[in-house]
Every structure is written in structure tokens, then in C-alpha cells.
Colleague: 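What follows is a single structure, and I will ask about it in a moment.
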Amino acid sequence: MSALPNGKKWRAGVLGATGMVGQRLVKLLADHPWFTLTEVAASERSSGKSYADAVRWHLEGPVPEVARGLVVKELEPSLDCDFLFSALDSSVAGPAEEEYARRGYPVVSNSRNHRMDPDVPLLIPEVNAAHLNAIPVQQKNRGYDSGFIVTNPNCSTAGLVVVLKPLADAFGLEKVFVVTLQAISGAGYPGV
């Protein structure tokens, strides 16, 4: 995937944009070569405010200029974008992401809600990009037209398999022992 052939960028939105993961997505999209941030959505507490007024920014540097003036929308599937990156809390992510996909949005989710769904690709592009071939199956199973849901594994798994894949390809692997200590990493700002 890259920028559109005509040199334009894909329009991207972030669901859960005011939380810690949402802030990271906003920051990553701010200067991305393939995407331009056009929409941010969050809870009703933030909707109607400018992103700069709604967010309690915790990342290094200021709120990205491209996001500052965006009006935070409610979680309604009427956003002006080509892709949605979801940083929604798992308490609302499942049905919200399904509704966006049903309305034609490609949803790239960071939530755990769909990770075990057999028709949702659990994607690490550097490792298993071919899993995107499951999208037409998902669309058929769920009655989605152009929308779909793709999710990522948890943070420790993603980083681990990116390292293990080339080792497995080159040498093969028989066993891997891993210990993760994630008591704070999944808790967001309140955990910090």
C-alpha cells in the first residue's frame, strides 16, 4: 500500500482519538506519507470541541497542527475518511467497529474485541500480509460491502514476531519462552 496513484493521500480518521493510544495514532498520522488526518472521534464528553481543547495531551511535543482544529465527532458512522484507525476502549470497540465496517469503512483496530474472530485478520504486515486475503471472506460472512475490520495482536506479540519471523525463516524455531510484564502498559494514562 502507498499513497494514491495521483499523489493524493488516503483520508484517515481516529476513533478514540483523545486517549493514550488515540493520541499516538494522531501523532503518527500527522506527517504520514500515505495518510492525511481528516477526522477524530471520541466519547460524548469530547464531541463538539476542537481536538486541542478536548485532548489532555500526554505525548512529547505539542498537539500536531493538523489535528488541533479538527472538531471531535461522536462515534457515529458518518465520518469523512477512507480509513479508520480505532483506539477505542474494549468496552465500546466491538459493536462500534462492526457498525463502521457495515457502513463501508475499513477499520484497523487496536482493540482486543475482534482478535479471536476467525474471519478477522490478525495482522502484522511484515510477517503475515497474506492474511489480508481473509477480508473478502469476512465481508461475505458479515454482509459488509466495502468495509472490513483488521486488527493487530497485543503489543508484546507484535514486537516479538517481527523479530522471530526472520529467525524462523532462516533457521527454524522449535521453542520460544517469553515472559511479559504488562501491568502498566495496557492501563493507559491512569496506569502511568
Side-chain angles (χ1 to χ4, degrees), residues 1-5 9-10 12-17 19-37 58-61 64 82-91 93-94 96-98 100-101 105-142 144 146-192:
M1 182 177 173
S2 62
L4 295 166
K9 295 181 177 184
W10 297 96
V14 175
L15 305 176
M20 290 299 292
V21 175
Q23 289 178 38
R24 181 63 62 191
L25 289 170
V26 165
K27 187 172 177 95
L28 289 169
L29 289 167
D31 295 312
H32 200 281
W34 302 341
F35 299 100
T36 185
L37 182 64
H58 294 289
L59 302 184
E60 61 285 345
D82 304 307
F83 276 87
L84 287 170
F85 294 93
S86 176
L88 291 172
D89 184 83
S90 62
S91 64
E97 292 168 355
E98 289 169 9
Y100 279 104
Y105 293 93
V107 178
V108 180
S109 176
N110 190 59
S111 178
R112 66 181 165 92
N113 296 67
H114 298 288
R115 286 181 178 157
M116 299 304 289
D117 294 0
D119 62 351
V120 173
L122 186 62
L123 188 67
I124 302 169
E126 301 85 354
V127 175
N128 65 348
H131 286 205
L132 290 172
N133 295 332
I135 290 172
V137 173
Q138 177 191 131
Q139 290 170 325
K140 182 180 178 193
N141 288 349
R142 297 172 184 234
Y144 298 164
S146 57
F148 58 85
I149 300 170
V150 172
T151 190
N152 63 355
N154 76 358
C155 52
S156 59
T157 301
L160 183 66
V161 299
V162 168
V163 172
L164 292 177
K165 172 76 164 92
L167 292 172
D169 290 348
F171 307 108
L173 295 173
E174 292 181 20
K175 287 184 183 179
V176 176
F177 293 95
V178 177
V179 173
T180 64
L181 305 172
Q182 300 181 72
I184 292 180
S185 67
Y189 180 72
V192 177

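One is the number of the first residue; the rest follow in order along the sequence.
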Colleague: Applying side-chain contact (heavy atoms from CB on, under 4.5 Å), name anything that partners P153, two or more places apart in sequence or on another chain.
Modeller: L122, I124, T157, A158

Colleague: Please check if the side chain of T151 supplies one atom and the backbone of S111 the other of a donor-acceptor pair under 3.5 Å.
Modeller: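 The answer is yes, because a donor-acceptor pair under 3.5 Å joins these two groups.
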
Colleague: For D82, enumerate each residue passing the salt bridge (Lys or Arg N to Asp or Glu O under 4.0 Å) test, keeping only those at least two apart in sequence or located in another chain.
Modeller: R11

Colleague: Not counting sequence neighbours, list each pair that qualifies as a salt bridge (charged side-chain N to carboxylate O under 4.0 Å, His left out) and has a residue in residues 161-173.
Modeller: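 Listed by first then second residue: K165-D169.
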
Colleague: Are any side-chain N or O atoms of Q138 and backbone N or O atoms of I149, one a donor and one an acceptor, separated by less than 3.5 Å?
Modeller: yes

Colleague: Quick one: list whatever passes side-chain contact (heavy atoms from CB on, under 4.5 Å) with A87, sequence neighbours left out.
Modeller: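 Applying side-chain contact (heavy atoms from CB on, under 4.5 Å) to A87 gives V21, L25.
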
Colleague: Who pairs with Y100 by ring-ring contact (aromatic ring centres under 6.0 Å, His included), at least two apart in sequence or on another chain?
Modeller: Y105

Colleague: Checking L84 against E97 for the side chain to side chain contact (heavy atoms under 4.5 Å, CB included) test, could you report, in this order, the C-alpha distance in whole Å, the side-chain angles of both residues, the deciding distance, and whether it holds?
Modeller: CA-CA 9 Å; L84 287 170; E97 292 168 355; over 6 Å; no

Colleague: What pairs of donor and acceptor atoms, side-chain ones from residues 170-179 against any protein atom, are under 3.5 angstrom apart with sequence neighbours left out?
Modeller:
none

Colleague: As a quick check of understanding, evaluate side chain to side chain contact (heavy atoms under 4.5 Å, CB included) for H32 and K9, giving each step before the final call.
Modeller: CA-CA 9 Å; H32 200 281; K9 295 181 177 184; 5.8 Å; no

Colleague: Distance-only, no hydrogens or angles: does the R115 side chain make a donor-acceptor pair with backbone N or O of N110 under 3.5 Å?
Modeller: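 Yes; at least one donor-acceptor contact below 3.5 Å.
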
Colleague: Of all the heavy-atom pairs spanning N113 and A93, show the shortest one and how long it is.
Modeller: OD1-CB, 3.6 Å

Colleague: Mind checking what makes side-chain hydrogen bond (donor to acceptor under 3.5 Å, both in side chains) contact with H131, not counting sequence neighbours?
Modeller: N128

Colleague: Sequence neighbours excluded, which residues qualify as salt bridge (Lys or Arg N to Asp or Glu O under 4.0 Å) partners of R112?
Modeller: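 R112: no salt bridge (Lys or Arg N to Asp or Glu O under 4.0 Å) contacts found.
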
Colleague: With sequence neighbours excluded, tell me which residues meet side-chain hydrogen bond (donor to acceptor under 3.5 Å, both in side chains) with S91.
Modeller: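 side-chain hydrogen bond (donor to acceptor under 3.5 Å, both in side chains) check on S91 returns D89.
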
Colleague: Minimum heavy-atom separation for P121 to I135, with atom names?
Modeller: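 Scanning both residues, the minimum pair turns out to be CG-CG1, 4.1 Å.
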
Colleague: Under the rule for side-chain hydrogen bond (donor to acceptor under 3.5 Å, both in side chains), what residues qualify as partners of Q23, not counting sequence neighbours?
Modeller: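 Not a single residue meets the side-chain hydrogen bond (donor to acceptor under 3.5 Å, both in side chains) criterion with Q23.
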
Colleague: According to side-chain contact (heavy atoms from CB on, under 4.5 Å), who are the partners of L28, at least two apart in sequence or on a separate chain?
Modeller: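 side-chain contact (heavy atoms from CB on, under 4.5 Å) check on L28 returns R24.
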
Colleague: Run the side-chain contact (heavy atoms from CB on, under 4.5 Å) test against D31 and tell me which residues pass, sequence neighbours left out.
Modeller: none

Colleague: Taking all non-hydrogen atoms of both residues into account, name the closest pair between V107 and A101 and its distance.
Modeller: CG2-N, 4.1 Å

Colleague: What distance separates D119 CG from H114 NE2, expressed to the nearest 0.5 Å?
Modeller: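 NE2 of H114 is found 9.5 Å from CG of D119.
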
Colleague: Going by ring-ring contact (aromatic ring centres under 6.0 Å, His included), W10 matches just one of F83, W34, F85. Which one?
Modeller: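 The option that passes is F83.
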
Colleague: At what distance, to the nearest 0.5 angstrom, does OG of S109 lie from CG of L88?
Modeller: 7.5 Å

Colleague: So do R142 and F148 actually touch side chain to side chain, heavy atoms under 4.5 Å?
Modeller: no

